[in-house]
Amino acid sequence: MARRNTRKMDDDRRLLRIAMVVPPWYEIPPPGYGGVEQVVAGLVDALVDRGHDITLFGAGSETGTQARLAATVGEVQVERLGELLPEVAHIARVNRMIDAGGFDIVHDHTVVGPLTAERRSVPTVLTVHGSPLDEYGDVLRSLGSGVRLVAISDAQRRLAPDLPWYGTVHNGMDIDDLTGRPRGDGGPVLWLARFSAEKAPELAIEACRAAGLPLVLAGKCVEPFEQEYFRAVVEPVLGPDVDVILNPDRAATERLLLSARCLIMPIQWEEPFGMVVIEAMAAGTPVVTLKRGAMRELVRDGVTGFVRDDPSDLPQALHDAARLNGRACREHVTRNFSNERMAEGYELVYADHR
């Protein structure tokens with residue numbers, strides 16, 4: 001076993017040396033798209049603030065977090081996103097460093113890493129960021145009892161109740177990153193996601209046209225399947241009532257969230273979480289969405305947004321969103337989805353998994 005380096009705190013929590021493992025694709029935090037990376041950045045800083053010693057295993061030459069960076073490659077591998085070998089090589093290098101590092105626990109956010117957990121000298125906690133169905137579900141079922149699975153929503157757990165879930169820890173964010181603003185009728189409706197069938201930007205266009213409201217479509221359009229979806233499905237239905245912003249960076253994303261009338265999420269899949277939902281509410285911007293995945297866990301219907309059964313219900317909800325209180329949206333995120341609350345949840349997982 002690796003040597004232990006735990007210290008006792010006044011409140012009886014143990015301070016741990018944690019190996020935080022992320023995929024090699026993006027920086028931590030990411031400059032633009034990267035929901036997992038944004039969550040990990042917030043978790044790392046909250047854990048450091050609570051006294052833990054965090055080494056972040058990723059790619060690139062620097063990190064914007066308070067963690068110590070242990071890079072397995074000097075450049076982020078976003079250009080090779082979708083290939084197998086970059087992540088496999090990354091994990092092989094990570095495991096060599098973990099063996100020599102004297103850690104108490106590994107917190108893994110990759111797909112490949114947990115498959116190697118049995119050869120690690122310390123326990124592994126895995127946050128399941130994606131849908132636990134189909135091929136990924138088969139991977140999760142193969143991991144054995146040595147890996148503790150943590151869901152990011154109860155809705156995600158219900159998709160695969162046979163998996164050995166340990167618990168649920170909702171994602172969090174730094175509330176102070178978005179200052180919020182008073183609600184009003186102004187501003188366009190905002191759709192903010194990756195261009196794909198699951199996110200249904202064409203339904204956002206349809207709903208906004210039916211409501212007579214302008215729309216901004218802003219999202220990731222980098223991978224070939226995203227570009228093809230944009231060309232084949234989105235471009236044919238664009239018009240003067242729709243503005244398109246491709247691949248906005250974080251600063252542009254925050255400006256869009258702060259200026260929007262509301263966020264529209266006409267999702268067509270069982271979304272495990274949806275970081276953009278809590279980011280919008282933290283900005284004081286209500287969310288209009290369909291009743292899929294974790295939306296009912298994130299949005300307080302009639303208070304911080306509207307969760308509707310059918311796309312035909314969305315146009316009226318877009319108008320009704322103007323009467324919702326931006327302060328209530330922000331307070332909801334502060335109480336339920338802060339980085340500090342997320343860190344507390346993971347501390348409970350770590351405590352039982354040493």
Between Asp108 and Arg120, is there a side-chain heavy-atom distance shorter than 4.5 Å?
yes
Tell me every residue that passes ring pair (Phe, Tyr, Trp, His ring centres under 6.0 Å) with Tyr346, counting only those two or more places apart in sequence or in another chain.
His107
Strictly distance-based, threshold 3.5 Å: is any side-chain N or O of Arg330 a donor or acceptor partner for the main-chain N or O of Ala282?
yes
Is the closest side-chain heavy-atom distance between His109 and Met20 below 4.5 Å?
yes
Quick one: closest heavy-atom pair of Val139 and Val111, and the distance?
CG1-O, 4.4 Å
Under the side chain to side chain contact (heavy atoms under 4.5 Å, CB included) rule, collect the residues that match up with Val222, sequence neighbours excluded.
Lys220, Glu226, Asn247
Side-chain heavy atoms nearer than 4.5 Å, only ILVMFWY residues, links allowed to pass through others: does that put Leu298 and Val303 together?
no
Hey, quick one: are Leu213 and Leu238 part of the same hydrophobic cluster, counting side-chain heavy atoms closer than 4.5 Å, chains of contacts allowed?
yes
Under the side-chain contact (heavy atoms from CB on, under 4.5 Å) criterion, do Thr289 and Val277 qualify, and how do the steps go?
CA-CA 9 Å; Thr289 184; Val277 173; 6.0 Å; no
Show the numbers, then the answer: is there a side-chain contact (heavy atoms from CB on, under 4.5 Å) between Val39 and Thr127?
CA-CA 11 Å; Val39 169; Thr127 297; over 6 Å; no
For Asp243, give me all partners under side chain to side chain contact (heavy atoms under 4.5 Å, CB included), at least two apart in sequence or on another chain.
Val216
Spell out, as yes or no, whether a donor-acceptor pair under 3.5 Å connects the side chain of Trp25 to the backbone of Glu87.
no
For Glu135, I'd like to know if atom CD has over 12 heavy atoms of other residues, nucleotides or ligands within 6.0 Å.
no
Look only at the side chain of His90 and the backbone of Val22, and say whether a donor-acceptor pair between them is shorter than 3.5 Å.
yes
Do Asn339 and Asp45 touch side chain to side chain, with heavy atoms closer than 4.5 Å?
no
Taking Thr285 for the side chain and Met281 for the main chain, is one N or O donor matched with an acceptor at less than 3.5 Å?
no
Taking ILVMFWY side chains as joined if any heavy atoms are under 4.5 angstrom apart, and letting links pass through other members, which residues group with Leu133?
Leu159
For Gly172 versus Met275, what's the shortest heavy-atom pair and its separation?
O-CE, 3.5 Å
Between Glu344 and Arg50, does any NZ, NE, NH1 or NH2 come within less than 4.0 Å of an OD or OE carboxylate oxygen?
yes
Sequence-distant partners of Phe57, ring pair (Phe, Tyr, Trp, His ring centres under 6.0 Å), two or more places apart:
Phe103
Side chain of Gln156, backbone of Val128: donor and acceptor closer than 3.5 Å?
yes
Can Asp99 and Arg119 be said to form a side-chain contact (heavy atoms from CB on, under 4.5 Å), step by step?
CA-CA 9 Å; Asp99 286 345; Arg119 69 166 299 280; 3.3 Å; yes
With the threshold set at 4.0 Å, does a side-chain nitrogen-carboxylate oxygen contact exist between Lys199 and Glu271?
yes
Joint hydrophobic cluster, Val233 plus Leu215, side-chain heavy atoms closer than 4.5 Å
yes
Would you call Arg80 and Glu75 a salt bridge, using N to O less than 4.0 angstrom?
no
Under 3.5 Å donor-acceptor, Thr63 side chain and Ile28 backbone:
yes
Same apolar cluster (I L V M F W Y, side chains within < 4.5 Å links), Phe225/Leu81:
no
What I'd like to find out is whether the side chain of Arg14 reaches to under 4.5 Å of the side chain of Asp104, using heavy atoms alone.
no
Got Trp191 and Cys208 here, is their nearest side-chain heavy-atom distance under 4.5 Å?
no
Counting only N and O atoms by type, is there a donor-acceptor contact under 3.5 Å from the side chain of Ser153 to the main-chain atoms of Pro272?
yes
Verify, without hydrogens or angle tests, whether Gln77 (side chain) and Ala59 (backbone) share a donor-acceptor contact under 3.5 angstrom.
no
Tell me whether Lys291 is salt-bridged to Asp310, with the criterion being a basic N under 4.0 Å from an acidic carboxylate O.
no
With a 4.5 Å limit on heavy-atom distance, are the side chains of Ile105 and Val122 in contact?
no
Can you name the residues that form a ring pair (Phe, Tyr, Trp, His ring centres under 6.0 Å) with Tyr229, not counting sequence neighbours?
none
Non-hydrogen side-chain atoms of Leu290 and Leu314 separated by less than 4.5 Å:
yes
For Pro201 and Ser196, work out which heavy atoms get closest and say how close.
CD-O, 3.5 Å
To check you understand the geometry: which heavy-atom pair defines the closest contact between Tyr26 and Val76, and what is its length?
C-CG1, 3.7 Å
Ignoring hydrogens, what is the shortest heavy-atom contact between Ala252 and Asp249? Give both atom names and the distance.
N-OD1, 2.8 Å
Which heavy atom of Ser259 sits nearest a heavy atom of Pro188, and at what distance?
O-CD, 3.9 Å
Give a yes or no answer on whether the side chain of Glu270 reaches the backbone of Gly293 with a donor-acceptor pair at less than 3.5 Å.
yes
If you define the side chain from C-beta out and look only at heavy atoms, does anything of Leu256 sit under 4.5 Å from Glu254?
no
Go through the side-chain N and O atoms of Gln66 and Asp49 and say whether any donor and acceptor fall under 3.5 Å apart.
yes
Please check if Leu203 and Met265 belong to a single hydrophobic cluster, counting links between Ile, Leu, Val, Met, Phe, Trp and Tyr side chain heavy atoms closer than 4.5 Å.
no
Taking the side chain from His332 and the backbone from Phe337, do they hold a donor-acceptor pair closer than 3.5 Å?
no
